[in-house]
Number of protein chains: 2
Amino acid sequence: MSGSYYLVSEEQHNALVRAAYSHRGFDGSEAEAAARFSAYAARHGIRTHNAIKALHLDHLFGSGAGGCVPGAKIEKRAGRFGAVEVWNANRKLGQATAYAALDAAIALADRYGVGIVCVDNAFHYLWGGGYVMDAAQRGYIAYTNCTAALAEVVPFGGKTPKLGTNPHSWGFPTQDAVGFPIVVDWATSVVAMGRVQQFAREGKSLPPNAAVDREGNPTTDPNAAVALLPFGAHKGYGLSLINELTAAYTGGSIPTIRSRWDQRPEEKHTPCFYFQVIHPEAMSSGDFAMGRNQKENVEAVIRDILKDGNSNCILPGQIEAEAAKQSDRCGGLLFTDAEIDAFNAIARECGQPEWNKHALSRAE
Amino acid sequence: MSGSYYLVSEEQHNALVRAAYSHRGFDGSEAEAAARFSAYAARHGIRTHNAIKALHLDHLFGSGAGGCVPGAKIEKRAGRFGAVEVWNANRKLGQATAYAALDAAIALADRYGVGIVCVDNAFHYLWGGGYVMDAAQRGYIAYTNCTAALAEVVPFGGKTPKLGTNPHSWGFPTQDAVGFPIVVDWATSVVAMGRVQQFAREGKSLPPNAAVDREGNPTTDPNAAVALLPFGAHKGYGLSLINELTAAYTGGSIPTIRSRWDQRPEEKHTPCFYFQVIHPEAMSSGDFAMGRNQKENVEAVIRDILKDGNSNCILPGQIEAEAAKQSDRCGGLLFTDAEIDAFNAIARECGQPEWNKHALSRAE
């Protein structure tokens, strides 16, 4: 009964998450998608975007605020282009929408080599890396971006937050080559606003050029920080702008009123998703050096990068893969003491039995 | 006869560049593509990737070294996927290959909504931003990446250069909204190796975390720098890895022997290109707030980002657009004194008349 984490079975976790979503009015398939995705996040050690965060976001911006509509039906816009679909999610739960969009993009990629699904009137899909990781584990090269719920990031050279933290996520089916999919996945701000709040609580300084104060000047004081800066100066700014433009071409409106349902009711307040899947066979010249096949060629490239003093380099997605291995070794999902408390608050909200810490196994 | 720049007409410039490429054995359409693209770069103020650089690269890595084959014919691999083509460029001139691949990706996007052309056995295409800018000016959303000629960049957490400077370039057809296409375009290293050499000449220090010394430790001394670091730590590393993986799925081999034609003759030494074009109509939900159309919606988003203290922010592609305006105002291409000398060296190489500085107009 020692160890840093409590072990919760996926069944136990999913039953509670389903109940919590059902209690908020979501239908069975939505609750199932939410449970499945948050279990996937927890299994991969994603502590910032697990069920606790998902339900908190739903409360702040989702079914608790008008940004998400339980039981909403997705409408697919008929277009003249075969390999690209545009969906109106009608504010359906993000995880259910994202899983469906990913499946549709995969079906398009099977047929055309590449498939794109643009989603308008979306609601937060939690963790973009999870969808492209899932696609990669199914053998596809996948990419997603979305517009974040709030405009918290100051454009490079500016003073006022006008961009979302706007993440990008790429997944590659490298599991046969290196044991896990390579997943490049991050926000375009240096840090998240949650990290600023954590640093304020802990009395720590922010890294330089991560945040600005009320006057728009860079600050390392988390208590003075009111907005974030993009990583890599103009480069991260450009990457964040890509999400805003992609969304704007699809149907998203001005960033500063996103999720602000109390402002300008005549406007659109929803984020957008962009999903893209490529069938690896479609990209293959069939001509790989040294008689290698495609998989062996990808492996040779990765192995070369990690040679000659680079063996300590971590491949993107490796930390998540190691967390998943640890979860599987332990036989369930690993949560901290504070996380179990948060789950028990969720249980009380939806009238489910709390998890008894004394009855749960512990693990390192 | 004053001003910082010499004015050279596009006709005069193109005649010399065509002659230089013809002299090196390239055919008429290759020489024309090279001239057209380097004029486009010069017109947009791209001093680092104009005809001088193109011919220098061709000498170092191209027709002068085995990496580029004048008159090579592109072979298109027949595949079962409609929206993705894979080409074997057989080391054809990069500019001619890239223009053709862009045209093909546009034709696919017209039909399927999205089109991808992966190019194996490519040779340096000079400036990725130029191709996506061209596509954007024709009304399309475009993206390209490639593997850079040499492995000069150390993976995050490593010691040894194993990645190219591997640029990414995105173009959006925003000219109707803001007067020019937004073009997000940069290498994944903090600085280019050319910049390190320039700083060494000028006795300046490098920015922190831009380069490493022989032991793999970060240095700001340009004379001690032997390799580069990715921008944004693990984020730029991930972005650079994307190009290596994309190339590896297509047919590119291990990064460290790229362009090293003297090493391991049984291996592949060529970079790869990836081109992707999306038809903006294919992405549209048709549902834009406040009765806006797609173009007006994109404009509203950009205008919002640049409001409220952000009017000094520069949109990606704006500097290049202003340079193009200046070139057009002056009625030609603007080159420095040192650049005219370099062009005259090119003229001597291919037996063409030199440009007479006294006869050229000057401009600011």
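In what follows, every chain begins at residue 1, and chains take the letters A, B, ... in the order their sequences are listed. Atoms considered below: every heavy atom in the structure, side chains included; atoms not considered: hydrogens, waters and symmetry mates. Because the structure is a prediction, the values reported are computed rather than measured.
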Heavy atoms only, distances under 4.5 angstrom: which of [options] has the most pairs with chain B? Name it, please.
| options | answer |
| --- | --- |
| A:Ile182, A:Val183, A:Val114 | A:Val114 |
| A:Asn312, A:Thr246, A:Ile302 | A:Thr246 |
| A:Leu241, A:Ile116, A:Leu239 | A:Leu239 |
| A:Phe231, A:Tyr274, A:Trp87, A:Trp186 | A:Trp186 |
| A:Ser311, A:Gly158, A:Cys272 | A:Gly158 |
| A:Gly309, A:Gly216, A:Gly317, A:Gly82 | A:Gly309 |

Over 12 non-hydrogen atoms of neighbours within 6.0 angstrom of CZ in A:Arg80:
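Counting neighbours around CZ of A:Arg80, more than 12 heavy atoms of other residues, nucleotides or ligands fall under 6.0 Å, so yes.
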Evaluate whether atom CG of B:Leu306 has more than 12 neighbouring non-hydrogen atoms of other residues, nucleotides or ligands under 6.0 angstrom away.
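Counting other residues, nucleotides and ligands, CG of B:Leu306 exceeds 12 neighbours.
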Chain B heavy atoms under 4.5 Å from [X]: which part of the residue, side chain, backbone, both or neither?
| X | result |
| --- | --- |
| A:Val301 | both |
| A:Asp110 | backbone |
| A:Ile278 | side chain |
| A:Ile242 | both |
| A:Ile257 | neither |
| A:Glu281 | both |

Taking all atoms of both residues into account, what is the closest heavy-atom pair of A:Val86 and B:Ser285, and its distance?
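Nearest pair, atom of A:Val86 first, then B:Ser285: CG1-CA, 3.6 Å.
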Where do A:Ala289 and B:Glu267 come nearest, in terms of heavy atoms and distance?
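Smallest interatomic distance, heavy atoms only, reads CB-OE1, 3.0 Å.
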How many angstroms lie between CG in A:Asp120 and OG in B:Ser284, if you round to the nearest 0.5 Å?
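Answer for the CG-OG pair, A:Asp120 versus B:Ser284, is 8.5 Å.
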Apply side chain to side chain contact (heavy atoms under 4.5 Å, CB included) to residues A:Phe156 and B:Ile314 and explain how you reach the verdict.
CA-CA 8 Å; A:Phe156 178 67; B:Ile314 293 170; over 6 Å; no
Choice from [options] maximising heavy atom contacts with chain A below 4.5 Å:
| options | value |
| --- | --- |
| B:Asp185, B:Val184, B:Thr250 | B:Thr250 |
| B:Ala233, B:Pro161, B:Gly232, B:Pro155 | B:Pro155 |
| B:Gly115, B:Ala151, B:Ala282, B:Gly286 | B:Ala282 |
| B:Arg111, B:His234, B:His279 | B:His279 |
| B:Pro316, B:Cys118, B:Gly157, B:Gly251 | B:Gly251 |
| B:Glu75, B:Gln276, B:Arg264 | B:Gln276 |

Do B:Ser253 and A:Arg292 pair up side chain to side chain, a donor and an acceptor below 3.5 Å, judged on atom types alone?
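Result is yes, a qualifying pair exists.
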Just by modelled atom types, is the B:Ala187 backbone N or O under 3.5 Å from a matching donor or acceptor in the A:Lys235 side chain?
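Looks like yes, one N/O pair under 3.5 Å.
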Does the ring centre of B:Tyr112 sit less than 6.0 Å away from the ring centre of A:Phe81?
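Ring centroids of A:Phe81 and B:Tyr112 are no less than 6.0 Å from each other.
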Contact part of [X] toward chain A, heavy-atom cut-off under 4.5 Å: side chain, backbone, both or neither?
| X | result |
| --- | --- |
| B:Leu163 | side chain |
| B:Cys313 | both |
| B:Val190 | backbone |
| B:Ile305 | both |
| B:Lys295 | neither |
| B:Pro230 | neither |
| B:Val84 | both |
| B:Ala109 | backbone |

side-chain hydrogen bond (donor to acceptor under 3.5 Å, both in side chains) partners of residues 157-167 of chain A, not counting sequence neighbours, each pair once:
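The answer is A:Lys159-A:Asn217, A:Lys162-B:Asp304, A:Lys162-B:Asp308, A:Asn166-A:Ser240, A:Asn166-A:Glu244.
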Given B:Leu315 and A:Tyr237, is the side chain to side chain contact (heavy atoms under 4.5 Å, CB included) satisfied, shown in steps?
CA-CA 9 Å; B:Leu315 288 169; A:Tyr237 161 47; 3.7 Å; yes
Working for side chain to side chain contact (heavy atoms under 4.5 Å, CB included), residues B:Tyr249 and A:Thr174
CA-CA 10 Å; B:Tyr249 279 102; A:Thr174 53; 3.7 Å; yes
Of all residues at least two apart in sequence or in a different chain, which pass the salt bridge (charged side-chain N to carboxylate O under 4.0 Å, His left out) check with B:Asp287?
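For B:Asp287, the residues satisfying salt bridge (charged side-chain N to carboxylate O under 4.0 Å, His left out) (neighbours in sequence not counted) are A:Lys268.
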Using the rule given for side chain to side chain contact (heavy atoms under 4.5 Å, CB included), can you reason through A:Ile254 versus B:Asn297, listing the C-alpha separation, both sets of side-chain angles and the distance that settles it, and then say yes or no?
CA-CA 8 Å; A:Ile254 57 177; B:Asn297 194 59; over 6 Å; no
Evaluate the ring planes of A:His168 and B:Trp170, with Trp represented by its six-membered ring, and classify them as parallel (under 30°), tilted (30 to 60°) or perpendicular (over 60°).
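Because their plane-to-plane angle lies in the 30° to 60° range, the rings of A:His168 and B:Trp170 count as tilted.
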